[in-house]
Number of protein chains: 2
Amino acid sequence: MKIDPKNKADLSAQIAKAIRDAIISGDMNVDERLPSESELADQFEVSRSTVREALKRLAAQNLIRTQRGATGGAFVRRLSYDEAYAQHITTSTLLLSMNAVDFETACEARFALERACAPLSSARRTPDHLATMRAEIHRQAQPGLSDERFCDSDVAFHRALVDGAGNPVLSYQLAGAVEAMQPLMNMITFTQRNRDVIIGLHTRIADALEMQNSADADTALAELTAYTLTLGEEAMEARARR
Amino acid sequence: MKIDPKNKADLSAQIAKAIRDAIISGDMNVDERLPSESELADQFEVSRSTVREALKRLAAQNLIRTQRGATGGAFVRRLSYDEAYAQHITTSTLLLSMNAVDFETACEARFALERACAPLSSARRTPDHLATMRAEIHRQAQPGLSDERFCDSDVAFHRALVDGAGNPVLSYQLAGAVEAMQPLMNMITFTQRNRDVIIGLHTRIADALEMQNSADADTALAELTAYTLTLGEEAMEARARR
DNA sequence: GCTGTCTAAAATGTCAGACAATTAAACGCG
DNA sequence: CGCGTTTAATTGTCTGACATTTTAGACAGC
């Protein structure tokens, strides 16, 4: 392993890239140990500090883990669903907030994707998923629930819907769309009337999934999309007036 | 800013987390400058090396950029779509390969999501999107095209379909599902007969989008899903026999 | 006053060397 | 054989130095 001496970029970035490429291309397998920091420093002909900075970059991307001690070192890490989930949600949320994505676009994306899950979820949802949905609906109906908690519960309900499809890849990809909407949803003030409508639609969705009636689920989701969009518009208008 | 001295984790990880939280929570705005490395070292009461390792972690997540020179330093970075795309694709691909996700699951997720885009794409696709699809279909029909190139073109076709929906959030979320399938698709040997069927379905999809007939697009996509699944199964069987 | 040049300062990037902390294996001893 | 102890390997942290890059400001000349 050598690096391009002509390249102007940071050495630590170049080294990180070289190792990253080796991992991604499959040259290195999960749990395989990288050479020690000193060995890498020798190989790349840089100091140990530079190697360390490169390794920290990889650690930040969950590509490696490090262990101290005699048999320690840096090991190629198996990317876990949970970590990827968390990272995906963080990135999606940042992407939306930093680029000022409008409510409409995010909302449309979210519900389009959710509707894609509905048929699968109606076929495969387990009693567990249904129970979670019912529990969240119940929670949403509780008096005195803050807007923020209402949103939390809303996300939990929809996550159960998505997970009901029993496809982890689907759940992963949708996590970004559903959770990243939350900051935008939190701008909305939910009146009791708003909540009643949403709870009604949630109930229809849960009923449809329980009956494995995917057409009804789709209809209710479509209505929920439209309703959420109007709520969002109102919130944006109210925000603009202030 | 202080860090928990009781915590056993790496100092650089703790410091990275502290700064990351400040950025994500919105305490720091885009292009705002962080204190210099020496100042951070003083604030957190650690050495400059440790601060640097923390900053490299953040740089790896595209949260900051650094500039050298008198007015240089670390600045909060606006996360760009392109970078987020690239990262999302890398992560999704790794997630699938490292966790041995089966072809069926990935395929189901991909096409379920694509079908969610079809109605929007049929309403909004521009002549550009249609032209890209036609061009890729043409490319797929070229004789002597390697399997890998065929897959590349397939991905480009589907990306145009998704982008046709004109919703960047949708494009972003789907990029992971579509592109991450590529390594799995590359395991398949596409006979001329296979290719003809796929090209036929692609043509039907492009025609349907051009006519803004979303029902036809959905039907063709459903058929393509089923066909891809059978191809995948055959490939897995052939792989198992060897 | 304007302009171009030079210099100093500030900041990141890199290096070398040291020591601390941790861990597992090797070793010795009863 | 079993059980502490030592030892070696490795990462984590610190210190100080120097290189490189970039800008602001001083300064000279017109």
Side-chain angles (χ1 to χ4, degrees), chain A residues 1-20 22-23 28 31-77, chain B residues 1-20 22-23 28 31-77:
Chain A
M1 286 205 270
K2 270 288 182 60
I3 47 179
D4 185 2
K6 295 187 295 292
N7 199 321
K8 295 277 282 181
D10 291 359
L11 289 175
S12 70
Q14 290 179 59
I15 293 170
K17 180 174 178 354
I19 301 176
R20 179 164 40 238
I23 295 174
M28 304 203 67
D31 287 334
E32 192 175 333
R33 182 179 175 280
L34 274 67
S36 74
E37 294 175 354
S38 313
E39 284 167 350
L40 287 171
D42 288 346
Q43 283 183 32
F44 287 113
E45 295 176 3
V46 297
S47 72
R48 206 186 130 208
S49 334
T50 305
V51 168
R52 279 184 62 78
E53 288 177 9
L55 293 180
K56 295 308 158 203
R57 296 177 114 109
L58 299 177
Q61 298 181 307
N62 291 320
L63 288 175
I64 60 169
R65 65 188 156 76
T66 53
Q67 268 176 20
R68 288 167 74 156
T71 57
F75 299 84
V76 177
R77 187 169 183 184
Chain B
M1 286 206 271
K2 269 289 182 62
I3 47 179
D4 185 1
K6 295 188 295 292
N7 198 322
K8 295 277 283 181
D10 290 0
L11 289 175
S12 70
Q14 291 179 60
I15 293 170
K17 179 171 180 353
I19 301 176
R20 180 165 37 238
I23 295 174
M28 305 202 66
D31 288 335
E32 192 176 332
R33 183 179 174 281
L34 274 68
S36 74
E37 293 175 354
S38 313
E39 285 167 347
L40 286 172
D42 288 346
Q43 283 183 30
F44 288 112
E45 295 176 3
V46 297
S47 72
R48 205 185 131 210
S49 339
T50 305
V51 168
R52 278 183 63 78
E53 287 177 9
L55 292 179
K56 294 308 158 202
R57 296 178 115 109
L58 300 177
Q61 297 181 309
N62 292 319
L63 288 175
I64 60 168
R65 66 189 155 77
T66 53
Q67 268 176 24
R68 288 169 73 157
T71 57
F75 299 84
V76 177
R77 188 170 181 182

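Order of the sequence lines fixes the chain letters, A, B, ..., with proteins taken first and strands second; residue numbering starts at 1 for each chain.
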* To do: Kindly determine whether L11(A) and Q14(A) satisfy side chain to side chain contact (heavy atoms under 4.5 Å, CB included), including the steps that lead there.
  => CA-CA 5 Å; L11(A) 289 175; Q14(A) 290 179 59; 4.0 Å; yes

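- Every residue meeting the side-chain contact (heavy atoms from CB on, under 4.5 Å) condition with S47(A), not counting sequence neighbours, appears here in chain and number order: S49(A), T50(A).
- One end of the helix from dG1(C)-dC30(D) to dG30(C)-dC1(D) points its axis 20° away from the other end's axis, with each axis taken from 5 pairs and the angle rounded to 10°.
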Tell me which donor-acceptor pairs under 3.5 Å the side chains of residues 58-65 of chain B have, and how far apart each pair is, sequence neighbours excluded?
| residue | atom | partner | partner atom | Å |
| --- | --- | --- | --- | --- |
| Q61(B) | OE1 | R20(B) | NH1 | 2.3 |
| Q61(B) | NE2 | A60(A) | O | 3.3 |
| N62(B) | ND2 | Q87(B) | OE1 | 3.3 |
| R65(B) | NH2 | D31(B) | OD1 | 2.8 |

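- R52(B) meets the salt bridge (charged side-chain N to carboxylate O under 4.0 Å, His left out) test with E53(A), E37(B); sequence neighbours excluded.
- We find the CG-CD distance between L34(B) and E39(B) to be 10.5 Å, quoted to the nearest 0.5 Å.
- In this structure, E53(B) atom CD and dT14(C) atom P are separated by 13 Å, rounded to whole Å.
- A heavy atom closer than 4.0 Å to some atom of DNA chain D occurs in T66(A), these being the qualifying members of residues 58-66 of chain A.
- Straight-line distance from the CZ atom of R52(B) to the P atom of dG12(D): 17 Å, rounded to whole Å.
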Just the atom pairs and distances: protein N or O near nucleotides 15-20 of chain C's N or O, under 3.5 Å.
| residue | atom | partner | partner atom | Å |
| --- | --- | --- | --- | --- |
| dC15(C) | OP2 | S47(A) | N | 3.0 |
| dC15(C) | OP2 | S47(A) | OG | 3.4 |
| dC15(C) | OP2 | T50(A) | OG1 | 2.8 |

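- I15(A) is not listed as a side-chain neighbour of L40(A), based on a closest heavy-atom distance of 4.5 Å or more.
- For T71(A), the side-chain contact (heavy atoms from CB on, under 4.5 Å) criterion is met by no residue, not counting sequence neighbours.
- Where A70(A) and A13(A) each meet DNA chain C at their nearest nucleotide, the meeting point lying more 5' is that of A13(A).
- Here the C1' atom of nucleotide dT13(D) and the NZ atom of K56(A) are 11 Å apart, to the nearest Å.
- Contact between R33(A) and S36(A) at its shortest, heavy atoms only, is NH2-CB, 4.0 Å.
- With sequence neighbours excluded, the residues satisfying side-chain contact (heavy atoms from CB on, under 4.5 Å) with A13(B) are D10(B), R57(B).
- Atom CD of E37(B) and atom C1' of dT15(D) are 15 Å apart (whole Å).
- Distance CD (Q67(B)) to P (dT12(C)): 10 Å, rounded to an integer number of Å.
- Atom P of nucleotide dA21(C) and atom CG of D10(B) are separated by 14 Å, given to the nearest angstrom.
- Summarising the geometry, the separation between CG on L40(B) and P on dC14(D) is reported as 14 Å, rounded to the nearest angstrom.
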